[in-house]
Amino acid sequence: MAVALFATIPLGVTADEAGNMEDASDEYVSFTTDNRRIASDGTFEFNVRAERRSENDFIVSGNSITISAKCRKYNVNTGHPVEDDTKQFTVTLYKSSSNEEIGSFDGFADDETYKKTFTVEKGQQYYIIVTCSPTLTMPYSLKGTGKVSKIDKVVSRG
């Protein structure tokens, strides 16, 4: 006589392990178009509480680029903006091959667009870091969008 034993084992999967799930509290800086996270036109979105490097690097097609960005403070539990234009964000541009800081600009979480033009080397690879100051804690984050002009293509880090 065969006896079958069954046990219930609780399994947990985090958003990172699942791959196709996205937790609203995840921090990211992603180049985007439509529902994809990569855009060759330089459009990016970000969600930061402290500091986050862009998921991809990009190769520039000119000797200067302009980076623009705007954001708001959000309560990630409700998905709604919170009135607080005292939070500051910084976008910093780096050259990938040397991790040399090229420059940066600051803005506020007031849904206004801030931008700066940088001198770069045509054909070289760069990345950005977005920093929130002061650092936010859950359930708050800065969510925003931006654009890097004159991108030849977006590439994987490596």
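- Residues Arg52 and Glu27 meet the side-chain proximity criterion, which asks for heavy atoms closer than 4.5 Å.
- Here the closest non-hydrogen pair linking Ile151 and Gly42 is CD1-CA, 3.4 Å.
- Note that OG1 of Thr117 is 8.0 Å distant from NZ of Lys150, once rounded to the nearest 0.5 Å.
- Taking CG from Leu136 and NZ from Lys87, the interatomic distance works out to 5.0 Å, rounded to the nearest 0.5 Å.
- For Asn47 (side chain) and Asp26 (main-chain N/O), a donor-acceptor pair under 3.5 Å exists by modelled atom type.
- Two residues are said to be in side-chain contact when any heavy atoms from C-beta on lie closer than 4.5 Å; Tyr126 and Val60 meet this criterion.
- A donor-acceptor contact under 3.5 angstrom links the side chains of Glu55 and Ser30, judged on distance only.
- Both Phe105 and Ile128 sit in one connected hydrophobic cluster of ILVMFWY residues. Membership requires side-chain heavy atoms under 4.5 Å apart, directly or through other members.
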**Message:** Apply side-chain contact (heavy atoms from CB on, under 4.5 Å) to residues Thr86 and Phe108 and explain how you reach the verdict.
**Reply:** CA-CA 7 Å; Thr86 64; Phe108 292 93; over 6 Å; no

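- Side-chain atoms of Tyr127 and Asn99 form a donor-acceptor pair, as typed in the model, at a separation below 3.5 Å.
- Asn77 approaches Pro139 most closely through the heavy-atom pair ND2-CB, 3.2 Å.
- If you chain together hydrophobic residues whose side chains sit under 4.5 Å apart, Ile59 and Leu93 never meet in one group.
- In the model, Ser68 has no side-chain atom that pairs as donor or acceptor with a side-chain atom of Thr113 under 3.5 Å.
- A pairwise comparison of heavy atoms in Gln88 and Thr90 identifies NE2-OG1, 4.2 Å as the closest pair.
- No single ILVMFWY cluster, assembled from side-chain heavy atoms under 4.5 Å apart, contains both Val155 and Tyr94.
- Using cut-offs of 30° and 60° for the angle between ring planes, the Phe89 and Phe46 rings count as tilted.
- Between Thr43 atom OG1 and Lys147 atom NZ the span is 4.5 Å, to the nearest 0.5 Å.
- Under a hydrophobic-cluster definition in which Ile, Leu, Val, Met, Phe, Trp and Tyr are linked whenever side-chain heavy atoms come within less than 4.5 Å, directly or via other members, Val48 and Tyr74 are assigned to different clusters.
- The shortest non-hydrogen separation linking Pro81 to Arg72 is CB-NH2, 3.5 Å.
- Of all heavy-atom pairs between Val29 and Phe44, the closest is CG1-CD1, 4.2 Å.
- The two atoms that bring Cys132 and Leu142 nearest to each other are SG-CD1, 3.6 Å, heavy atoms only.
- Classification of Glu83 and Lys73 as a salt-bridged pair fails, no side-chain N sitting under 4.0 Å from a carboxylate O.
- For the 3.5 Å distance criterion, the side chains of Ser54 and Asn56 fail to qualify, holding no donor opposite an acceptor.
- Between the Glu51 side chain and the Ile129 main chain, no donor and acceptor come within less than 3.5 Å of each other.
- Between the side chain of Glu121 and the backbone N or O of Asn63, no donor-acceptor pair lies under 3.5 Å.
- Side-chain atoms of Ile102 and Thr92, non-hydrogen and from C-beta on, never get closer than 4.5 Å to each other.
- A distance-only check finds no donor-acceptor pair linking the side chain of Ser64 to the backbone of Phe118 [under 3.5 Å].
- Here Ser98 contributes atom OG and Gln124 contributes atom CD; the two are 9.0 Å apart, rounded to the nearest 0.5 Å.
- Note that CZ of Arg49 and OG1 of Thr135 are 10.0 Å apart. Values are rounded to the nearest 0.5 Å.
- In this structure, Glu101 does not pair ionically with Lys95, as no charged nitrogen and carboxylate oxygen lie closer than 4.0 Å.
- Here Ile65 contributes atom CD1 and Lys122 contributes atom NZ; the two are 14.0 Å apart, rounded to the nearest 0.5 Å.
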